[in-house]
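Note sheet for the following structure.
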Amino acid sequence: MMSSLCVGAIIKTTLACVVAYLLGVALSPHVIPVDYFRQSGGSSTLAVLVGGNDTVPRRPDVESASSSSSVPEGPPSPVIPPRGRNPLEQSYASLLDLDSNGGVDPFADVDIFVHRNGEAYPCSRQGSPPPDDDGEGGAALSWTSRALLDSAIVLPSTVGDITLKSQDKYAFDAILTSALMGGGMSIPPLLHDGGEACGPTWKNHILDSIPALASISSLLKYCDMGIDRTTVQLDHDRIVNVPKTGTKPCHFHTREGLRITGLRHLAQLAKDAGVVAAGKEECALGVDGTCEDDDANTSTTRRKELHLYAVQAGRQFIFAPKYVGEIFDLPHVPVPLDLPVRLEVISLVPRVFDVYNFFNREESAAIVDKALKETSESHKMKRSSTGANGYNINSQRTSENGFDTHSDVAQAVKRRCMTVLGFDEYEESLTDGLQILRYNKTTAYVPHLDWIDDYGKQNEHDCEYASCDCIPLLLMMLISVIVTTTTVDTEHLGTNRFATILLYMTDMKEGDGGETVFTEGYPPGDGIRLEFEEAQVALRKSGDTAGILEENSWEENMVVRCRSRLSIRPHSSRAVLFYSQNPDGTPDQKSMHGGCPVIRGEKWAANLWVWNGPRNGYPGSPTNQDVVERNRAAGKQNTQQKQTSFLNTQTDETMRNAQLYFQDTFWGKMGFGDPAINVNTYKGHQWHVKVNEMTVKTFIIDDSPNQSYTI
Ligand SMILES: O=C(O)CCC(=O)C(=O)O
Ligand SMILES: [Fe+2]
């Protein structure tokens with residue numbers, strides 16, 4: 001139960017929020033004249049749409065084609081605004097460089113299709129253009145362009161003042177979400193149904209309890225999962241709400257995971273859609289949301305398709321495979337040797353992918369080499385343990401493990417992993433260190449989820465009220481239940497492991513064992529799963545484990561499953577991606593997997609866990625206020641988190657290349673010019689500053705709530 005102090009604070013905040021919210025909703029349609037769009041030459045909001053995208057990510061394979069067709073030959077001629085555009089539209093046109101492209105609006109012959117995160121088939125598509133749409137040929141802008149501008153106009157004016165280079169992707173998300181569902185002043189929704197078929201996939205949506213939001217588009221309820229389910233990311237305060245409704249927008253990604261960061265990027269994708277879509281079969285939705293027949297798809301009059309994958313605010317992109325063997329090319333991921341990174345779908349349920357060219361054999365060898373040479377107690381290879389204190393030897397995880405948190409290869413691989421997963425910015429607090437695994441003959445790791453379950457619900461890591469938005473009074477009771485959920489409950493506000501990239505560093509031959517088995521998956525090929533008894537008989541008949549594994553031991557039982565379920569055979573520099581969460585944040589129970597017993601030789605592997613939000617110990621990681629209060633009441637002062645920062649003041653030359661360690665674990669660079677390192681830590685914790693692997697200073701956290709340490 002919440003403390004009365006806490007309840008009082010929430011009631012006050014809630015009342016203020018509710019009043020502000022209702023006033024906002026009541027007034028918003030009247031703040032800006034309805035005909036502003038047609039008359040105004042205002043450019044501040046326009047700048048939000050356009051600025052900051054000087055470095056639009058492009059597919060290398062289409063860049064040359066599109067730039068050669070858009071750059072006119074000879075000296076530039078003065079651009080005369082084509083008849084029919086108002087000044088705002090004209091600014092938009094020049095910022096998109098439309099006139100040097102013959103006045104052709106990139107959206108004119110493109111239909112937008114929207115997918116919910118992780119869904120291979122679209123939930124809605126662009127409808128038929130309104131009768132006045134004359135984007136083709138140049139004079140006016142396309143319906144899509146006008147819908148985007150129309151939505152931009154109704155953004156609060158302060159948004160127009162944002163310094164664009166860094167901020168515009170947030171405003172863009174709001175504008176695009178709004179344009180799709182028709183939130184502007186005068187232009188109909190781009191989606192034929194306003195996004196009605198793109199509603200939430202989870203029950204008991206908190207927004208359903210807010211009468212003022214009863215009639216908003218289902219797409220908006222999808223994008224804004226509500227206060228009880230919107231994970232608070234580090235950039236949460238930068239999210240720009242959808243105009244008029246004040247709800248959180250989606251962010252949009254391509255099928256390949258690339259986040260769409262602004263209008264120019266969207267326009268580039270619209271241009272590329274022609275190249276990409278040619279000859280490609282896609283499901284075109286009919287007006288009723290179902291796929292049209294193949295004849296329609298191959299028609300020469302078919303418009304180009306731009307598929308957008310809408311990801312809920314606070315959530316992360318998840319690939320949306322259609323079939324086993326499907327390929328996702330990821331040219332935006334830089335890799336060693338410049339070989340293209342691509343995914344191949346191994347399994348739909350669970351979602352498992354091969355990641356080709358993710359790392360190379362040199363990196364593979366370097367990871368093993370580093371692990372063998374590691375001497376630090378916390379990082380070197382040793383028998384695997386479980387539990388936060390690391391003392392519990394796990395009887396069903398007989399492999400050895402160690403950690404590589406800061407080698408160049410580990411850092412490079414972590415960054416690459418985030419790019420593959422669709423993050424447009426690297427965020428250290430979302431990754432664990434690289435965990436290195438060694439399996440000797442007979443050793444194995446029992447099937448498990450990488451998603452951590454906090455059975456005892458004792459963890460302080462969860463949602464803080466301070467980071468929560470408006471909470472309608474009627475929902476108070478519900479919230480009091482929510483905050484008592486575990487700190488790792490990703491269906492709500494907790495953070496947990498979200499995706500895993502497994503790296504293999506050894507070539508294992510057929511029969512050597514050591515596969516990674518997904519016990520809920522189906523074997524490739526015929527997809528037939530043998531019953532346990534049948535597979536056991538086959539294994540014993542083969543004699544492969546005779547004299548190596550005891551009959552009926554958990555290891556032998558595991559080999560039986562390894563041979564009858566989806567198994568991935570390791571080879572050096574093979575990388576595999578899978579997800580531990582579903583797109584709505586619930587744990588994916590189908591992602592159960594384990595390391596099969598090694599029958600011959602040894603297996604080296606590594607895994608990289610990526611979290612869906614700041615993980616425990618990092619600033620911004622959610623805390624379970626209920627547990628915090630309980631600990632405080634019980635006088636457990638020493639369990640309270642301390643916000644602590646470490647900074648190099650650049651006054652001591654010997655500290656030029658300093659590094660910060662938490663006990664034996666590398667935490668971050670603390671050299672000259674490195675930003676301050678902010679951590680949540682606890683009284684009594686020891687933080688060491690090391691130079692050339694030698695500890696030169698130790699800080700012991702004391703009792704004050706906010707502390708800063710400098711060197
Ligand atoms: O070694 C394997 O194949 C799987 C390892 C694993 O699942 C883990 O370390 O979490
Ligand atoms: Fe695992």
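Within the 6.0 Å centre-distance limit, the rings of Y309 and H115 are counted as a close aromatic pair. A ring-centre distance under 6.0 Å is found for H593 and F578. Not less than 6.0 angstrom separates the ring centroid of Y709 from the ring centroid of W687. Checked against a 6.0 Å centroid threshold, the rings of F498 and Y579 count as neighbours.
Side chain of T506 to main chain of W604: a donor-acceptor pair is present (N/O by atom type, distance under 3.5 Å, no hydrogens or angles). A donor-acceptor contact shorter than 3.5 Å links the side chain of E363 to the backbone of N360. Although no hydrogens or angles enter the test, the distance criterion places no donor-acceptor pair under 3.5 Å between the side chain of N657 and the main chain of G671. For the pair K441 (side chain) and G601 (backbone), a donor-acceptor distance under 3.5 Å is absent. Remark: side-chain polar atoms of D424 are not paired, donor with acceptor, to backbone N or O of R259 under 3.5 angstrom. With N117 contributing its side chain and V311 its backbone, the two residues share no donor-acceptor pair below 3.5 Å. Although no hydrogens or angles enter the test, the distance criterion places no donor-acceptor pair under 3.5 Å between the side chain of T231 and the main chain of L493. No donor-acceptor pair under 3.5 Å is formed between the side chain of D588 and the backbone N or O of N582. Q312 contributes a side-chain N or O that, together with a main-chain N or O of P583, makes up a donor-acceptor pair within less than 3.5 Å. Listed for the T230 side chain is no donor-acceptor partner under 3.5 Å among the backbone atoms of I227.
Residues V446 and M558 approach most closely at CA-SD, 4.0 Å, considering heavy atoms. Nearest heavy-atom pair across H251 and D173 is CB-OD2, 3.5 Å. In this structure, E555 and P597 approach most closely via the heavy-atom pair O-CG, 3.4 Å. The two residues N496 and D450 come nearest to each other via the heavy atoms OD1-O, 4.4 Å. The two atoms that bring F319 and G257 nearest to each other are CE2-N, 4.2 Å, heavy atoms only. The two residues T375 and K380 make their nearest non-hydrogen contact at O-CD, 3.8 Å.
Atom NZ of K370 is surrounded by more than 12 heavy atoms from other residues, nucleotides or ligands within 6.0 Å.
Here the side chains of T431 and C417 are not in contact, with every heavy-atom distance at 4.5 Å or above. Residues R116 and T201 have side chains in contact (heavy-atom distance under 4.5 Å, counting atoms from C-beta outward). The side-chain heavy atoms of F353 and P321, taken from C-beta on, include a pair separated by under 4.5 Å. Counting only heavy atoms from C-beta outward, the side chains of L421 and V610 approach each other to under 4.5 Å. Contact annotation: the side chain of F252 approaches that of I260 to within less than 4.5 Å [non-hydrogen atoms, C-beta and beyond]. The closest side-chain heavy-atom distance from H332 to L330 is below 4.5 Å. Inter-residue side-chain proximity for T586 and W202 is flagged as unmet; no heavy-atom pair is nearer than 4.5 Å. Counting only heavy atoms from C-beta outward, the side chains of R561 and C596 never approach each other to under 4.5 Å.
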task = Give the intermediate values and the outcome of ring-ring contact (aromatic ring centres under 6.0 Å, His included) for residues F317 and F423.
result = CA-CA 8 Å; F317 170 83; F423 290 86; 9.5 Å; no
request  = Starting from the C-alpha separation in whole Å, work towards a yes-or-no answer on side chain to side chain donor-acceptor pair (under 3.5 Å) for T698 and H688.
outcome  = CA-CA 4 Å; T698 294; H688 305 291; 2.8 Å; yes
task = Show your reasoning for whether salt bridge (Lys or Arg N to Asp or Glu O under 4.0 Å) applies to K248 and D224.
result = CA-CA 5 Å; K248 307 253 171 283; D224 187 337; 5.6 Å; no
request  = For Y504 and T516, run side chain to side chain donor-acceptor pair (under 3.5 Å): C-alpha distance rounded to whole Å, both residues' side-chain angles, the deciding distance at 0.1 Å, then the answer.
outcome  = CA-CA 10 Å; Y504 301 103; T516 303; 2.6 Å; yes
task = Tell me, with the steps shown, if S364 and S572 meet side chain to side chain donor-acceptor pair (under 3.5 Å).
result = CA-CA 7 Å; S364 171; S572 174; 3.2 Å; yes
task = Output, in order, the C-alpha distance, side-chain angles, deciding distance and verdict of salt bridge (Lys or Arg N to Asp or Glu O under 4.0 Å) for R383 and E400.
result = CA-CA 4 Å; R383 177 74 196 279; E400 293 167 274; over 6 Å; no
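In this structure, R415 satisfies the cation-pi test against Y426, with its NZ or CZ atom closer than 6.0 Å to the six-membered ring centre and inside 45 degrees of the ring normal. The side-chain tip of R497 points at the ring of W609 from less than 6.0 angstrom away and within 45° of straight on.
Evaluated for a salt bridge (charged side-chain N to carboxylate O under 4.0 Å, His left out) with E428, the options K414, K669, R615 yield exactly one hit, K414. A salt bridge (charged side-chain N to carboxylate O under 4.0 Å, His left out) with E326 holds for exactly one of R351, R342, R255; it is R255.
The ring pair (Phe, Tyr, Trp, His ring centres under 6.0 Å) pairs that include a residue from residues 356-377 number zero, where partners must be two or more places apart or lie in different chains.
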